[in-house]
Each structure stands twice: as C-alpha cells, then as structure tokens.
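Quick note: numbers below take in every heavy atom, side chains included, and nothing from hydrogens, waters or symmetry partners. Residue numbering restarts at 1 for every chain, and letters A, B, ... go by the order of the sequence lines. These figures come from a predicted structure and were not determined experimentally.
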Amino acid sequence: MSDLLSIEGLGITFGGLKAVHDVSFRVRPGEIVSVIGPNGAGKTTLFNMISGVYRPGAGRVVLEGDDVTGMEPHLLARRGMSRTFQNLQIFPSMTALENAVTGYHLQERGPVLADLLGLPGARARARRAEEGARALLARVGLERAAERAAGNLSYGSLKRLEIARALALEPKVLLLDEPAAGCNAVETEEIDHLIAEVAASGVAILLVEHDMKMVMRISNHIVVLDHGEKIAEGDPATVSRNPAVIAAYLGVEEGQDHAHG
Amino acid sequence: MKMTPKTATLLVLAALIALTPFFFPSGYYYRVGALLFVNGIAVTGMVILTGYAGQISLGHAGFAGIGAYACALAPVHWGLHPALAVILGAAISAILAFLVGRPILRLKGYYLGVATLGLGILVAMVLNNERQLTGGPDGMAVPELGLRALLKGWGLTLSNGEFWYFFCGLVLLVGAWLALNLYASPTGRALRALHGSEVAARTVGIDVARLKLQAFVISAVYASVSGSLLALQNKFVTPDVAGFMHSIEMVTMAVLGGVGSVLGAIFGAGILTLLPQVLTVFAEYEQMVLGLVMVLVMIFLREGLLPSVLRKFRGKDE
Ligand SMILES: Nc1ncnc2c1ncn2[C@@H]1O[C@H](COP(=O)(O)OP(=O)(O)OP(=O)(O)O)[C@@H](O)[C@H]1O
Ligand SMILES: [Mg+2]
C-alpha cells in the first residue's frame, strides 16, 4: 500500500537550538507509527510542524502525494489531518458536548447569514453536529459529562475529550500527542483499544506516548528521536533491542533526562 | 417542556420593554428607555465580537458615527429615504470593517486594542474636519424618519417619545434574536472555540482569520445601526457619536453586565444609561466613573455583573 503521509528531512531550529533535525519516515493507512524519545527530544515540535502549527525550517511534509509543507492547520484539516495536544487545548468555557461539536466544523459549517437568522438549515446543521458529538462522547466514555463545562472536567476526561473532537473530523491521519498521559490504567487500556479500533478503520495514526508498554503493544512501527534527530526506526521488537535507543533512554549520553513512565 | 436560554432571554427582554412604561413617572422616561435600547444594540454587537470571539475593539464608535452621519447626509445629498440611509450606513460600515478588519485582526490583545482605537479616532477626525459636508464639531441636523407619521396614517398614534421607545426596543429585540441564533449555530460555536484556543480551533478546520472578520463585520453593523437610530431620534448629530468616549462606553457597558451573554451586556447598557439620569453628578465625572467601573469589574467580576449575580443565586440551590 502507498504512503498516506511522508515526512522528508523535516527540521526546525529555535534560536540556534536544533529542536528537530533531518527527520524522515512514512505512515501508511491503518498503520500506527509511534514517535518516542526522552523529554525535549523534539516529538511535539515534530507534530507541530506536520500539523502546520509551526512552519518547518527544512524538509517536506507530503500528504497523499501532495506537498503540504507549511500549510495552515485549517487547510490541512480539510485534507484529513487531525490532532490532539500534549498540553490540552480545549475550549474551557464550552461544554464537553460543544467541544466535540467543534470537530464537525468542516462538515456542518454554513453561510453566516443563515446562522444569524437561525434558518432551518442552520439549525439542522447544528443538530447533526450535536448528534455526532454525542455518539463520539459515548465512544470515549464521556457521555455523562456532555453538558458539563469542559473547564471543570478531570485531566483524563479532557484527554479523551480531545480525542473525541479530533475523531469528529473523520481524519485520514490522526496525530495523538501523549493521549494516555495522566490517565489511570483502566483509562489507558480504553484509549489503547480506541486507537487500535480507529487504525483498523483505515486511519493512519501517529502517536507520541511515554507509556512504553502501550507503545510496544499497539505500534506497527516506531521512530526514535533524541536531541531532535532520528536515532532508530523499526518494529517494536527491533527498536527495543537497539543499543542507541537503550542508551538514550537510560541517559548514558551527556546526562540527558531519564526516561519516565 | 424546558425553555431554551434563547427563548427565555427574548421573553425577559420583550416583557421588560413592554411593561416598564407602566411605571414611568413621566413621558421623559420613554426617551431614556430609547437611549438605553440604542446602547443595548451596540453592546449586543460587542457581545458577538468580544464575548463570543474574544476580540476587543476600542473603536466601534467609528461605525456608530458612520451610521449616524449616513442618516444625516444621504437624505440631504442624494435624496435617499432615511430608512434606506440606515441600510446604506450599515453597508458602508460593513465594507470598512471588512477592509480594515483583515490586517487589524491579525493583531492580538493590546495591539488590536490600539489599532481599533486608531480606526475610531480616524472616523471621528474625518467627521470633525470635513466641515462643508458634516458641519464639523457643531454637528448637523438629521431628517425625520417618517415612520411615526406613517403609523399615524394607519390609526396608531404615538408620541415622539413612545415611538422611539418601542421602535428601538423592537430593533434591540431583533438584534438580540440574531445574536442568540448565532450563539448555538456552527458559526457561533466556531467563534467561541477560537476564543478558547486559537491553535485548537485551527486544527479542527476553523479558518480563524475569516471568522474573526465575520464577527468584526457583524458587530460593526450593530454599532452602525445603533448610531443611525441615535441620530434619527435626536434629529441631530455631532462627531461625538464617533468619539473615543463613546467607544469606551460601549466596551464598559458590555464588560460591566457580562460580555459573554446578550442579556448581561444589555443589563450593563441599562445601568450605565440610567446612572447619569439618577446621579446628575455622573455626567460631570463620566470618564472617571467609566474608568472606575472598568477597573472594578476586571478585578472583582471578570464575567460581568449579571453572570456573577446569577451564579450566586444558583450556587445556593445546588
Ligand atoms: N516554540 C519554541 N520555542 C523555542 N524552543 C522550543 C519551542 N518549542 C519547543 N522548543 C524546544 O525544542 C525542544 C524540543 O521540545 P519538544 O516539546 O518538541 O520535546 P518533546 O519531545 O515533545 O518533549 P516531551 O516529552 O517533554 O513532551 C526543547 O528543547 C524545547 O525547549
Ligand atoms: Mg512533547
């Protein structure tokens, strides 16, 4: 099968710091590719470049054969890219349901005049988005929190709310930045199942996660970053035996932070 | 059946507009009421811009000025009916907001505040300086709307005060209805989303620049209509309508009552419209009082008066 997403020599520097340097890999439909590495390795920065939040300093992002490097996030969303955030980016004053509803923006947006006048078409669009959002909340186990202000939900709930919102876009590529952080064992397992299920439906998944058991269990392919560079790549078994990876994680090199989780 | 917040807000508003005249000690209060509604219209626009979309403007009086002077100038110079002049003013305001909005709305926080401030000052300056056209600081007369005479012909006789009270009340109701429709619509949700987190809004496909611009244009139309109605009922207009103080008044009213809710913001407009009537000293110290109100609200009641008070009440029975 051909590549859905291809990352080619991607790099960016922040005031002299090579946060990400010359990183390349590919993701095929239905595949779960994990990006791992110690704190500060550049995983989130890589996600930010792929999703258009940062403009890459070097390299290309190719989505379904088209060069989409540096394209605005909302245009990438139209092409089927969707993501969650490590440091929660929810809409705190909106309810959980409304947060999930925003994920339907592209499918249910319409003329602003129709929305102002409350025309039947506008109300139908809003209703369809709500129905979809309700179903998604149920899928991530948040149906009972639907009417609560998102700002009052627990960290674990918000993580799942972000996944629901991202799924609403019906993405072709889903970027998940530490979806299980702050979740207990049961929640982690649920998220684990959910990710596998989404991948099984043909969505390409790019995952950053510190929970190594989860990563080893569900990944088809693992990319290892350290100090912004790709130090290893391969299937879970190969990567976990790689000496460079073990060194990076045990902090043998230059007293790098210890791995966590 | 449970009433939606939209229906409840509109009912409360309609009831207040219809019933308060029974308590008016004199006909003068119709005029105060009409002024309150005119301010309420502008402030409802601020709710869409600031409350929903989280963008600030310190220059919206500029659009009120355009609406007001459209009603003064278009009938005289082009023989346009004053009612059409209201629409012309709204159209010019919308076009100006559209043209200026795109570059301005890229700015955030203070920068956006300063840029909009400049826009307002610019409009006020033009109105002040184009003496042959606008009469400069002395202002100019505004022709009669003519609707009252029309109603009289149909057998509905209203005093001037009564007419403007009910007419502006009606326009306010329509304005509130539109704003409430928007709130729960896909566009309204997108506006509130970008208010909460721009980066998240962008990644769900919201064209943030476009949506901010839409909110800016809509709120400019509200301000313009408000300015038109003010000019038409006063039958006179001065550049003060576009002045900095008027812009600050709009923001303060909205923030005081609660910029996140239509009813709250109108409530704020009510307080700051009535205050000078009750306390005559207020007129002299208006700028000071507005400043003080702003500071106190920002420190103690970030959500505004009405939401904070409602929360207190709800807090008790929960
Ligand atoms: N906007 C920015 N400006 C300056 N430096 C940045 C910026 N974003 C990230 N960095 C730096 O880039 C490096 C990589 O950070 P990044 O957040 O991508 O790491 P990470 O692998 O996601 O780490 P973690 O596991 O802690 O989430 C860090 O040194 C960080 O300080
Ligand atoms: Mg990170």
For this session: Would you mind reporting whether B:Leu194 and A:Phe91 have side-chain heavy atoms less than 4.5 Å apart?
Result: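 Result no, sub-4.5 Å side-chain heavy-atom pair not found.
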[X] portion near chain B, given a 4.5 angstrom heavy-atom threshold:
X	value
A:Ala122	backbone
A:Leu119	neither
A:Val112	both

Exercise. Hey, which of B:Gly260, B:Ala201, B:Ala193, B:Gly196 has the most heavy atom pairs under 4.5 Å with chain A?
Worked result: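 If we count pairs closer than 4.5 Å to chain A, B:Ala193 comes out on top.
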Exercise. Most heavy-atom pairs under 4.5 angstrom with chain A, which of B:Leu211, B:Leu182, B:Val208?
Worked result: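 Highest number of pairs under 4.5 Å: B:Leu182.
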Problem set entry | side chain to side chain contact (heavy atoms under 4.5 Å, CB included) between B:Val204 and A:Tyr104, intermediate numbers included | CA-CA 8 Å; B:Val204 295; A:Tyr104 286 94; over 6 Å; no
Problem set entry | Exceeds 12 heavy-atom contacts within 6.0 angstrom, atom CZ of A:Arg26 |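 Not buried by this count: 12 neighbours or fewer within 6.0 Å.
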For this session: Check whether more than 12 heavy atoms from other residues, nucleotides or ligands sit under 6.0 Å from atom OH of B:Tyr111, and answer yes or no.
Result: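 No - once you tally the heavy atoms of other residues, nucleotides and ligands closer than 6.0 Å, there are 12 at most.
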In Å, rounded to the nearest 0.5 Å, how long is the span from [atom1] of [X] to [atom2] of [Y]?
X	Y	atom1	atom2	answer
A:Leu117	B:Trp177	CG	CH2	5.5 Å
A:Arg125	B:Thr187	CZ	OG1	6.5 Å
A:His74	B:Asp207	NE2	CG	3.5 Å
A:Ser93	B:His195	OG	NE2	6.5 Å
B:Arg192	A:Asn99	CZ	CG	10.0 Å
A:Leu106	B:Ile206	CG	CD1	8.5 Å

For this session: Go through the atoms of B:Ala184 and report whether side chain, backbone, both or neither lie under 4.5 Å from a heavy atom of chain A.
Result: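 For B:Ala184, backbone heavy atoms alone lie under 4.5 Å from chain A.
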Exercise. What part of B:Leu180 lies closer than 4.5 angstrom to a heavy atom of chain A: side chain, backbone, both or neither?
Worked result: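 Neither part.
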Most chain B-contacting option - heavy-atom pairs closer than 4.5 Å, from [options]:
options	answer
A:Arg127, A:Glu130, A:Arg78	A:Glu130
A:Arg109, A:Glu108, A:Met94	A:Met94
A:Ala168, A:Ala166, A:Ala126	A:Ala126
A:Arg123, A:Glu98, A:Arg165	A:Glu98

Exercise. Which atoms form the tightest heavy-atom contact between A:Gly118 and B:Asn181, and what is the distance?
Worked result: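 For A:Gly118 and B:Asn181, the tightest heavy-atom pair comes out as N-ND2, 3.5 Å.
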Exercise. What's the shortest heavy-atom distance between A:Ala77 and B:Arg202, and which atoms?
Worked result: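 Taking A:Ala77 first and B:Arg202 second, the nearest heavy atoms are CB-O, 4.5 Å.
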For this session: Begin from the C-alpha positions of A:Val101 and B:Arg189 and carry the test side chain to side chain contact (heavy atoms under 4.5 Å, CB included) through to its verdict.
Result: CA-CA 8 Å; A:Val101 160; B:Arg189 285 192 168 126; 3.4 Å; yes
Exercise. Between the main-chain N or O of B:Ser185 and the side-chain N or O of A:Asp115, is there a donor-acceptor pair closer than 3.5 Å?
Worked result: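 Checking the backbone N and O of B:Ser185 against the side chain of A:Asp115, no donor-acceptor pair under 3.5 Å is found.
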